[in-house]
Peer 1: 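Handing you a structure now.
In this text, all values refer to a predicted model and were calculated from it rather than measured experimentally. One-based numbering, in listed order, for ligands and for the atoms of each.
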Amino acid sequence: MSEPRILSNFIGGAPAPVHDRPTLDVTSPRDGSLLARVPMCGRAEVDLAVAAAKRAQPAWAKTPMKERATRLFALRALLLAHLDELADTCAKESGKTVAEGRAEVLKGVEVVEFALSLQNLDHGASMQVSRGVTCELRREPLGVVAGIVPFNFPAMVPMWMFPIAIAVGNAFVMKPSEKVPITLCRVAELFAEAGLPPGIFSLVHGGADVAVALTEHPDVAAIGFVGSTAVARRVYELGTRHDKRVLALGGAKNHLLAVPDADPDITVQGVVDSFTGCAGQRCMAASVLVAVGDADALVARIVERARAIELGGGMGAIIDEASRARIVAAIAEAEADGAKVLLDGRAARPADPALAGGTWLGPTILDQVRPEQAIRHHEVFGPVLAIVRAPTLKDALRLQAESEYGNACSVFTTSGAVAEYVAEHATAGMIGVNIGVPVPREPFSFGGTKASKFGQGDITGESGVELWSNLKKITRKWEAQPDATWMG
Ligand code: NAD
């Protein structure tokens with residue numbers, strides 16, 4: 001068997017091989033096969049990437065927006081031309097299904113489309129504010145900016161950040177997740193093929209060392225982070241201590257509320273797709289179902305639908321054995337603490353023998369979870385649904401509000417009044433009505449509240465433009481005016 005390749009960084013518009021660094025194996029969670037080795041870089045490689053970015057950025061900032069957008073048009077075309085390949089790579093390294101890989105690349109393409117559409121928007125403003133005096137607003141890039149991303153969306157989460165940041169004139173240095181670094185290597189090659197000037201998009205592989213080096217680097221102006229809450233908080237504190245702009249998205253514990261008037265078909269589908277999609281490894285996944293009133297029939301149908309999911313084809317794998325062990329331990333703890341296991345995925349394995357070496361766990365449903373149980377509060381990040389029974393909608397909303405996290409909350413109802421009540425009172429950044437995964441599509445921005453986000457604004461949409469740029473205000477006068485004001 002030939003040795004797997006060692007991934008290169010991408011610096012100055014070309015692959016930059018790394019020597020003399022330890023490597024980690026990148027294995028496929030689907031079948032355990034070794035896909036590549038990733039070098040665990042450090043400050044030296046970060047310095048190289050940031051220096052190349054710093055050299056390239058001023059010319060890119062001076063390039064007219066319409067010209068910058070042509071590189072994004074070309075990137076979009078290449079991403080679509082290579083969609084099958086990217087979806088496949090993404091699925092292999094993250095464990096998700098190829099259909100899910102495809103969907104995430106397409107969602108990333110949507111952000112590229114938003115970014116290239118910025119050329120058609122007027123980002124400044126100009127107004128005569130006093131006689132003979134004009135004020136003008138101008139958007140300026142920040143310089144070199146950086147992103148640190150999680151394992152669960154190898155393509156989409158990075159694409160929340162760099163298309164917008166680059167469109168507004170920055171140079172971007174990305175640290176891929178060391179667990180899923182391969183898809184982004186291909187995206188970087190495609191961006192170079194799209195004619196992006198060298199140095200404007202770079203990759204440095206590694207883990208916390210690279211993330212910390214980027215977050216402390218004096219020439220990095222802003223950090224976009226997506227990952228667990230513990231690390232998000234740490235990166236936010238470190239970055240702001242180093243006077244950087246930081247937006248750090250963290251973990252989640254999304255509560256779905258089902259009220260008695262809910263349409264059973266839409267509810268069953270919405271809840272099951274939400275907690276099993278990407279094997280529950282989504283920050284928007286349903287984690288707790290608060291079933292209001294007598295919901296036994298609904299719960300039975302949820303169990304029946306989840307039981308029918310075929311591992312491998314219908315649902316992907318868990319990222320690694322450590323994650324699987326953590327999820328299994330959380331299920332066991334909840335069971336020992338009184339939860340009733342309605343569906344147990346702990347021994348489930350795919351029928352396909354080719355997937356025998358993968359990291360598998362079937363959908364698991366726990367009923368009669370008490371509000372104070374750990375499984376209702378801690379992020380499990382796996383295909384596990386904890387069902388809590390509540391007598392009224394107000395009780396359900398009180399439970400949701402208790403969560404330290406505030407990413408998403410959905411309600412299943414046929415009543416507009418109930419939907420409106422939840423939209424007003426739920427303490428989350430993204431609200432769904434009869435939608436299990438209420439991800440806003442562009443141009444609506446993505447971002448939660450509470451411990452799901454540290455920093456101002458959101459990561460995509462117009463908020464992304466705010467994140468990666470500054471507003472400069474220019475006030476001009478060319479002639480002396482007879483009615484001189486305080487500005488005279
Ligand atoms: P993680 O926090 O372990 O890692 C995220 C990134 O941080 C990785 O690139 C990792 O190398 C780096 N990192 C790890 N330890 C670090 C440290 N001490 N200092 C600096 N950087 C460090 O997250 P993960 O396991 O890769 O991803 C899963 C988590 O991401 C879940 O909690 C999930 O909810 C969250 N997530 C959130 C969103 C969102 O939009 N809010 C989206 C996707 C994933």
Peer 1: Is it the side chain, the backbone, both or neither of Y405 that has a heavy atom closer than 4.0 Å to ligand 1?
Peer 2: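 No part of Y405 is near ligand 1 at this cut-off.
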
Peer 1: For K92, is there an ion pair with D31 - N to carboxylate O distance below 4.0 angstrom?
Peer 2: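 Salt bridge flag = no for K92 with D31.
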
Peer 1: Just need the protein heavy atom nearest to atom 24 (P) of ligand 1, so name the residue and atom and give the distance.
Peer 2: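 Here the closest protein heavy atom is F151 CD2, 3.6 Å.
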
Peer 1: Closest non-hydrogen protein atom to atom 21 (N) of ligand 1, residue and atom name please, with distance?
Peer 2: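 Checking every protein heavy atom, the shortest distance to atom 21 (N) of ligand 1 gives A211 CB, 3.2 Å.
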
Peer 1: Just checking, any donor-acceptor pair under 3.5 angstrom between side chains of H255 and R376?
Peer 2: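 Short answer, yes.
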
Peer 1: Tell me the protein heavy atom at minimum distance from atom 40 (O) of ligand 1, and give that distance in Å.
Peer 2: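 Result: F446 CE2, 3.1 Å.
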
Peer 1: Below 4.0 angstrom from a heavy atom of G251, which ligand 1 atoms are there? Numbered from 1 as shown, please.
Peer 2: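 Within the 4.0 Å cut-off of G251, ligand 1 contributes 32 (O), 34 (O).
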
Peer 1: Can you tell which part of R234 has a heavy atom less than 4.0 Å from ligand 1: side chain, backbone, both or neither?
Peer 2: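 For R234, the contact with ligand 1 is made by the side chain alone.
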
Peer 1: For F153, which part has a heavy atom under 4.0 Å from ligand 1: side chain, backbone, both, or neither?
Peer 2: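 It is neither; nothing of F153 touches ligand 1.
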
Peer 1: Any ion pair linking E189 and R186 (charged N to carboxylate O, less than 4.0 Å)?
Peer 2: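 The answer is yes: the pair qualifies as a salt bridge.
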
Peer 1: Tell me whether G448 reaches ligand 1 (any heavy atom closer than 4.0 angstrom to a ligand atom).
Peer 2: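 G448 does not count as a contact of ligand 1 under the 4.0 Å cut-off.
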
Peer 1: So which bit of K179 gets within less than 4.0 Å of ligand 1, heavy atoms only: side chain, backbone, both or neither?
Peer 2: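 Neither; nothing of K179 gets under 4.0 Å from ligand 1.
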
Peer 1: Roughly how far apart are L196 CG and R71 CZ, rounded to 0.5 Å?
Peer 2: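 Interatomic distance, L196 CG to R71 CZ, rounded to 0.5 Å: 8.5 Å.
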
Peer 1: In the protein, what heavy atom is nearest to atom 7 (O) of ligand 1, and what distance, to one decimal place, separates them?
Peer 2: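 For atom 7 (O) of ligand 1, the nearest protein heavy atom is F225 CE1, 3.3 Å.
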
Peer 1: Are the ring centres of W160 and F153 closer than 6.0 Å?
Peer 2: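 Judged by ring-centre distance (under 6.0 Å), W160 and F153 do not meet the cut-off.
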
Peer 1: For atom 42 (C) of ligand 1, which of G406, S452, C283, G447 has the closest heavy atom?
Peer 2: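 Considering heavy atoms of G406, S452, C283, G447, the nearest to atom 42 (C) of ligand 1 sits in C283.
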
Peer 1: Does F162 have its ring centroid less than 6.0 Å away from the ring centroid of F191?
Peer 2: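 Close enough - the centres of the two rings lie under 6.0 Å apart.
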
Peer 1: Quick test of your reading of the model: are E100 and R282 salt-bridged, counting only N-O distances below 4.0 Å?
Peer 2: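 Salt bridge absent between E100 and R282.
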
Peer 1: With atom 6 (C) of ligand 1 as the reference point, say which of V231, V149, N407 has the nearest heavy atom.
Peer 2: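 When every heavy atom of V231, V149, N407 is considered, V149 comes closest to atom 6 (C) of ligand 1.
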
Peer 1: Please identify which atoms of ligand 1 are closer than 4.0 Å to at least one heavy atom of K175.
Peer 2: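 Going through ligand 1 atom by atom, the ones under 4.0 Å from K175 are 8 (C), 9 (O), 10 (C), 11 (O).
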
Peer 1: Using distance alone, decide if ligand 1 has a nitrogen or oxygen within less than 3.5 Å of any nitrogen or oxygen in E379.
Peer 2: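 Yes, E379 has an N/O under 3.5 Å of an N/O on ligand 1.
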
Peer 1: Using a 4.0 Å heavy-atom cut-off, which part of S228 comes near ligand 1: side chain, backbone, both, or neither?
Peer 2: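 Both backbone and side chain.
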
Peer 1: When you compare the side chains of R139 and S469, does any donor N or O come within less than 3.5 Å of an acceptor on the partner?
Peer 2: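 Yes, a side-chain donor-acceptor pair sits under 3.5 Å.
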
Peer 1: With backbone taken as N, CA, C and O and side chain as the heavy atoms from C-beta onward, which portion of E178 lies under 4.0 Å from ligand 1: side chain, backbone, both, or neither?
Peer 2: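 Just the side chain.
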
Peer 1: Do any N/O atoms on W160 end up under 3.5 angstrom from N/O atoms on ligand 1?
Peer 2: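 No; the residue has no nitrogen or oxygen that sits under 3.5 Å from a nitrogen or oxygen of the ligand.
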
Peer 1: To check your reading of the model: name the closest protein heavy atom to atom 44 (C) of ligand 1, its residue, and the distance in Å.
Peer 2: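 Scanning the protein heavy atoms, the shortest distance from atom 44 (C) of ligand 1 goes to N152 OD1, 3.3 Å.
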
Peer 1: Do side-chain atoms of E93 reach the backbone of T183 as a donor and acceptor pair under 3.5 angstrom?
Peer 2: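 Yes, because the side chain of E93 sits within donor-acceptor range (under 3.5 Å) of the backbone of T183.
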
Peer 1: If you scan the protein for heavy atoms around atom 4 (O) of ligand 1, do you find one that is closer than 4.0 Å?
Peer 2: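 Under 4.0 Å from atom 4 (O) of ligand 1, zero protein heavy atoms found.
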
Peer 1: Got the closest protein heavy atom to atom 28 (C) of ligand 1, with its distance?
Peer 2: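 Nearest protein contact, heavy atoms only, for atom 28 (C) of ligand 1 is F381 CE2, 3.6 Å.
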
Peer 1: Would you say S177 has any N or O atom under 3.5 Å from an N or O of ligand 1, going by distance alone?
Peer 2: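 No.
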
Peer 1: Pairing donors with acceptors under 3.5 angstrom, does anything connect the side chains of N470 and R245?
Peer 2: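 N470 vs R245: donor-acceptor pair found between side chains.
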
Peer 1: Among all the protein's non-hydrogen atoms, which is closest to atom 35 (C) of ligand 1, and how far away is it?
Peer 2: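 Scanning the protein heavy atoms, the shortest distance from atom 35 (C) of ligand 1 goes to G227 O, 3.1 Å.
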
Peer 1: Which residue supplies the protein heavy atom nearest to atom 37 (C) of ligand 1, what is that atom called, and how far is it?
Peer 2: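 Its nearest protein heavy-atom neighbour is G250 O, 3.1 Å.
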
Peer 1: Which atoms of ligand 1 are found less than 4.0 Å from any heavy atom of I148?
Peer 2: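 Once the distances to I148 are compared, the set is 6 (C), 7 (O), 9 (O).
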
Peer 1: Looking at CG of N434 and OG1 of T413, how far apart are the two atoms once the value is rounded to the nearest 0.5 Å?
Peer 2: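 Answer for the CG-OG1 pair, N434 versus T413, is 7.0 Å.
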
Peer 1: Is a side-chain donor-acceptor pair under 3.5 Å present for T427 with Q400?
Peer 2: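 Present: a donor and an acceptor within the cut-off.
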
Peer 1: For F172, which of F10, W60, W468 qualifies under ring pair (Phe, Tyr, Trp, His ring centres under 6.0 Å)?
Peer 2: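 It is W468; the other options fail the test.
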
Peer 1: Can you name the closest pair of heavy atoms from L214 and V220 and give their distance?
Peer 2: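 Looking at all heavy atoms of both residues, the shortest contact is O-CB, 3.7 Å.
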
